[in-house]
Asker: 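Following this message is one structure expressed as structure tokens.
Lettering follows sequence order; numbering is per chain, from 1. These numbers come from a predicted model, not from an experiment.
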Amino acid sequence: MLRVRFAPSPTGFLHVGSARTFIFNWLYARHNRGTMVLRLDDTDVERNTEASMNSIFEGLRWLGLGWDEEYKQSERPALHRQIAHAIFQKGLAYRDFTPAHAGDSEKSGANQTWLFNPGMRELSRVESDRRASAGEPFALRFRVPRGTGDEIRFTDAVYGAQAKSADDIEDFALLRSDGMPTYHLASCADDIDLRISHIIRGQDHLSNTFKHVMIFEGAGAKPPQFAHLPLLVAPDGSKLSKRRHGPVVSVTTYRDAGFLPEAFINFLCLLGWSPKDNRENMTQQELIDAFSLEGINRANAVVNFKEPAATPEETFDPKALWLNAEHIRALPVEDLSSCLLPIVHEAGFEITVEKMLAITPLIRERIKLLRDVLTAADFFFVGQLPPYDPAELIPQKGDAAMALKVLTGAREILAQTEFKHDPLDQALRAAAQQMGIKAGQMFQPIRVAVCGRKNAPPLFETLAVLGRDTTLERIDEAIEKLQQLGN
RNA sequence: GGCGCUAUCGUCUAGGGGUUAGGACGGAAGAUUCUCAAUCUUCAAACCCGGGUUCGAUUCCCGGUAGCGCUACCA
């Protein structure tokens, strides 16, 4: 039975890199009809926060993929200690009574290769037991083979055969002096207990894997299959961090900006993985069907956002935006409409379900983000149009007089024409012909009068949705503006 | 410093001992259209450097360089 897990530690919001790791695990599980386990790796009591936990669940819920089993590492300390004890009993670990080095972890300093603390490895069992029972605090360290020429090996599904000399691996800690398990121990112990068959995680763990293999073997368990994912990095190649790169690294930013979860998932899948058949815009089912570990590549992938993002558009990778637009266009009108309605309501506009349903097809091909509905369809929502430059009313190769003539003419026609696409089309085109002007010259003043700007959805559909009353009102206002302009 | 990983258009990638090195996003130009968008067409744009192996390397090997990761009683 195939079992994979996603094991975030709740020390921050849900990161896009973590989201991708989750997605790859999920895809692999679903492709193979396996089990997806969510495990909160919360052994670092100091840094765990409730807020972070909520942010992770919030992000995962938005992705909408779900999982089959859920565990909390902090609820399983007995298991961790039991595995540590078993390793200790085999002589594969020893007590280290050296006090913890507080601020010693800084990257500065001599940068010497540290392998173990002197004297502790060789401590006799009798002596070690005596000091332990005297209450002296200790960390439990793995006794990595020294001078034996041993090589630790494993085969990574992405990076291939890996080997490292044991002489290059330090005696890493299993238990801290407060008795709490370290990440390495807790993670492996849980992976053993939960019978995880495939560990799919970020490449930052590739070098840790040698230690993990030793723990698995030390505990008498067969190591699972490992698959490491290339990292997601910023345009300058540095790793994504909230401090340096701001909200672009948080999943909720994408949600709040109006990404469709399926588009976001699609985008993340394309970072470091390829179906190898030139497909990019894919449905969830297509992703499940196509996903395989063989399609994962090894080089870090850049999330291509602009470092100082001037506009919301620049905040995101252009490809993410494009994919989102593609997914928006692929959505049935009813579905898209119900995604849009809450956003419109939240912005304070009272719009009915029916009205939104009528507006949606008009803006569907004009928005990249769901939130764009607020700028693309604004004139449908407001009673009073925001002020605009009356000069906009003047058509190409025309003047204010022409604009005025068009609008007064249009007013008359619109007062009696049926407010549907075809009748409006015929009536207004006929009027243009009669006035001896181009259709475009006829339509622009009306469009600006009614929408408050030059760029808007097609005119007749817009008028039909807007209705006769609003249309005539706005044309009257425009005529007034033009007359004032003349004076 | 030590150890490990990586290197194809600006970005995501396909490919692979002999190719016009393919696709996509983004960019440019054009078509279409009542504007915008969508759509369609076209164009520009890449194999990190140096050795070796070979008839032939972007592809295989070695070295360099650069980037990234690990080097905590963080995860």
Asker: If only atom types and distance count, is the side chain of A/S187 paired as donor or acceptor with the main-chain N or O of A/H184 below 3.5 Å?
Answerer: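 No; zero donor-acceptor contacts below 3.5 Å.
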Asker: In this structure, how many angstroms lie between the C1' atom of B/U35 and the CG atom of A/D389, rounded?
Answerer: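 For the pair A/D389 CG and B/U35 C1', the rounded distance is 16 Å.
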Asker: Going by atom types only, do A/H205 and A/H228 share a side-chain donor-acceptor pair under 3.5 Å?
Answerer: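 No.
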Asker: Between B/G4 atom P and A/Q162 atom CD, what is the distance in whole Å?
Answerer: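 Computing the A/Q162:CD to B/G4:P distance gives 10 Å.
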Asker: Identify whether any heavy atom of A/Q441 sits under 4.0 Å from a base atom; if not, whether one sits that close to sugar-phosphate; answer base, sugar-phosphate or nothing.
Answerer: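 The residue A/Q441 makes no contact with any strand.
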Asker: Within the 4.0 Å heavy-atom criterion, would you say A/K438 contacts the bases, only the backbone, or no part of the nucleic acid?
Answerer: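 No contact.
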Asker: If I take atom CD in residue A/E151 and atom P in nucleotide B/C3, what distance separates them, rounded to the nearest angstrom?
Answerer: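 Atom-to-atom, A/E151 to B/C3, this comes out as 13 Å.
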Asker: Hey, are A/R39 and A/D191 close enough for a salt bridge, meaning a charged N less than 4.0 Å from a carboxylate O?
Answerer: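 A/D191 and A/R39: salt-bridged.
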Asker: May I ask you to say what A/S187 touches in the nucleic acid, namely base, sugar-phosphate or nothing, with a heavy-atom cut-off under 4.0 Å?
Answerer: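 Nothing, no heavy atom under 4.0 Å.
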Asker: Using a heavy-atom cut-off of 4.0 Å across all strands, would you classify A/A301 as base, sugar-phosphate, or nothing?
Answerer: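 Sugar-phosphate, backbone atoms only, no base.
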Asker: Look at all strands and tell whether A/S274 reaches a base, only sugar-phosphate, or nothing, counting heavy atoms closer than 4.0 Å.
Answerer: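 The answer is sugar-phosphate, as A/S274 gets under 4.0 Å only of primed atoms, P, OP1 or OP2.
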Asker: Under 4.0 angstrom, heavy atoms only, what part of the nucleic acid is A/R298 near: base, sugar-phosphate, or nothing?
Answerer: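 The residue A/R298 makes sugar-phosphate contact but no base contact.
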Asker: For A/R279, is there an ion pair with A/D277 - N to carboxylate O distance below 4.0 angstrom?
Answerer: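 Answer for the salt bridge query: yes.
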Asker: With C1' as the reference atom in both, quote the distance from B/C12 to B/U71 in angstrom, rounded to an integer.
Answerer: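 Taking atom C1' in both B/C12 and B/U71, they lie 31 Å apart.
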Asker: Does A/R279 place a side-chain N or O at less than 4.0 Å from the phosphate oxygens OP1/OP2 of B/A24?
Answerer: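 Checking B/A24 against A/R279, no side-chain N or O comes under 4.0 Å of OP1 or OP2.
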Asker: Using a heavy-atom cut-off of 4.0 Å across all strands, would you classify A/R329 as base, sugar-phosphate, or nothing?
Answerer: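 Answer is sugar-phosphate: A/R329 comes under 4.0 Å of backbone atoms only.
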Asker: What does A/F267 touch in the nucleic acid at a heavy-atom separation under 4.0 angstrom: a base, only the sugar-phosphate, or nothing?
Answerer: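 Result for A/F267 = nothing.
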Asker: Does the side chain of A/N324 come within less than 4.5 Å of A/Y254's, by heavy atoms?
Answerer: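 No, side chains not in contact.
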Asker: Any base atoms under 4.0 Å from A/E280, or only sugar-phosphate, or nothing? Heavy atoms, all strands.
Answerer: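 Base contact.
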Asker: The side chain of A/S9 lies closest to which of these nucleotides: B/A75, B/C5, B/C68?
Answerer: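 Comparing B/A75, B/C5, B/C68 against the side chain of A/S9, the answer is B/A75.
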Asker: Once you apply a heavy-atom cut-off of 4.0 Å, does A/E326 come out as touching a base, just sugar-phosphate, or nothing?
Answerer: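 Sugar-phosphate, no base atom in range.
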Asker: Any donor and acceptor pair, going by atom type alone, linking the side chain of A/R141 with main-chain N or O of A/D171 inside 3.5 Å?
Answerer: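 Indeed, once roles are kept as given, a pair shorter than 3.5 Å links the two residues.
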Asker: Between B/U13, B/C73, B/C12, which one does the side chain of A/N297 approach most closely?
Answerer: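 Closest of the options to the side chain of A/N297: B/U13.
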Asker: Using purine N1 to pyrimidine N3 plus N6-O4 or O6-N4 for Watson-Crick, or N1-O2 and O6-N3 for G-U wobble, both under 3.5 Å, which nucleotide pairs with B/C40?
Answerer: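 Matched B/C40 with B/G30 under the 3.5 Å cut-off.
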Asker: Regarding A/H228, tell me which of base, sugar-phosphate or nothing describes its non-hydrogen contacts under 4.0 Å with the strands shown.
Answerer: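 Answer is nothing: A/H228 stays at 4.0 Å or more from every strand.
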Asker: Do A/K319 side-chain and B/C12 base share a donor-acceptor contact under 3.5 Å?
Answerer: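 In this structure, the two groups form a donor-acceptor pair.
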Asker: Under 4.0 Å: is that the gap between some side-chain N or O of A/K276 and OP1 or OP2 of B/A14?
Answerer: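 It does, given that an N or O in the side chain of A/K276 lies less than 4.0 Å from OP1 or OP2 of B/A14.
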Asker: Quantified in whole Å, what is the C1' atom distance between nucleotide B/A45 and nucleotide B/G22?
Answerer: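 Taking atom C1' in both B/A45 and B/G22, they lie 14 Å apart.
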Asker: Under 4.0 Å from OP1 or OP2 of B/C5: is there any side-chain N or O of A/S207 that close?
Answerer: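 Looking at the OP1 and OP2 atoms of B/C5, neither is under 4.0 Å from any side-chain N or O of A/S207.
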Asker: Assess the side chains of A/R201 and A/T21: does a donor N or O sit below 3.5 Å from an acceptor N or O?
Answerer: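 Note: A/R201 and A/T21 side chains miss the donor-acceptor criterion.
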Asker: Return the 5'-most residue of the pair A/G237, A/F460 with respect to RNA chain B, ranking by each residue's nearest nucleotide.
Answerer: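 Closer to the 5' end of RNA chain B: A/F460.
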Asker: Under 4.0 Å, heavy atoms only, any strand: does A/P458 hit a base, just the sugar-phosphate, or nothing?
Answerer: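 A/P458: base contact, heavy atoms under 4.0 Å.
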Asker: Does the side chain of A/R429 get closer than 4.0 angstrom to OP1 or OP2 of B/C34 through an N or O atom?
Answerer: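 Yes, within the criterion.
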Asker: For B/G4, does the base pair up with any side-chain atom of A/D168 as donor and acceptor (N or O, under 3.5 Å, distance only)?
Answerer: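 Flag unset: no donor-acceptor pair detected.
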Asker: Contact class for A/P99 vs. all strands (heavy atom < 4.0 Å): base, sugar-phosphate, or nothing?
Answerer: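 Base: the residue A/P99, judged by heavy atoms under 4.0 Å, touches a nucleobase.
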Asker: Nearest to the side chain of A/R366 - B/A75, B/G69, B/C36?
Answerer: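 Of the options given, the side chain of A/R366 lies nearest B/C36.
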Asker: Once you apply a heavy-atom cut-off of 4.0 Å, does A/G272 come out as touching a base, just sugar-phosphate, or nothing?
Answerer: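 Contact class for A/G272: sugar-phosphate only.
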Asker: Of the candidate nucleotides B/C36, B/C34, B/C5, which contains the atom at the shortest distance from the side chain of A/L459?
Answerer: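 Closest nucleotide among those given: B/C34.
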Asker: Quick one: which of B/C12, B/C73, B/C68 gets closest to the side chain of A/L231?
Answerer: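 Looking only at heavy atoms from C-beta outward on A/L231, the closest nucleotide is B/C68.
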Asker: Can you check whether A/R201 has a side-chain N or O nearer than 4.0 Å to OP1 or OP2 of B/G69?
Answerer: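 False: A/R201 side-chain N/O out of range (4.0 Å or more) of B/G69 OP1/OP2.
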